[in-house]
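Below is one structure, written out as structure tokens, with a few remarks after it.
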Amino acid sequence: MSSSSTSSSSTSVAELFKTALQSMNSALQSGDLTSAQKTFSSLAPRGSQGVDLLA
């Protein structure tokens, strides 16, 4: 059972990342750099969790 909860957790992280990238893409295409920067900041939180996520 733990493997299924792990995979669902990974899926939700992947979906959140995909959604955030789509939001950044839309913002950049419309020239809204502020929104793109805010979305990027939410993807790269400060601290060890962000480092682990991006590593």
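Worth knowing before you read on, the calculation uses all heavy atoms, side chains too, and leaves out hydrogens, waters and symmetry mates. Residue indices begin at 1 and follow the sequence shown.
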From [atom1] ([X]) to [atom2] ([Y]), nearest 0.5 Å:
{"X": "Q37", "Y": "L28", "atom1": "CD", "atom2": "CG", "result": "9.0 Å"}
{"X": "D32", "Y": "S23", "atom1": "CG", "atom2": "OG", "result": "11.0 Å"}
{"X": "N25", "Y": "Q29", "atom1": "CG", "atom2": "CD", "result": "4.0 Å"}
{"X": "L21", "Y": "F40", "atom1": "CG", "atom2": "CZ", "result": "10.0 Å"}

(message) Using every non-hydrogen atom in the two residues, find where A36 and A27 come nearest and quote the distance to one decimal.
(response) N-CB, 3.8 Å
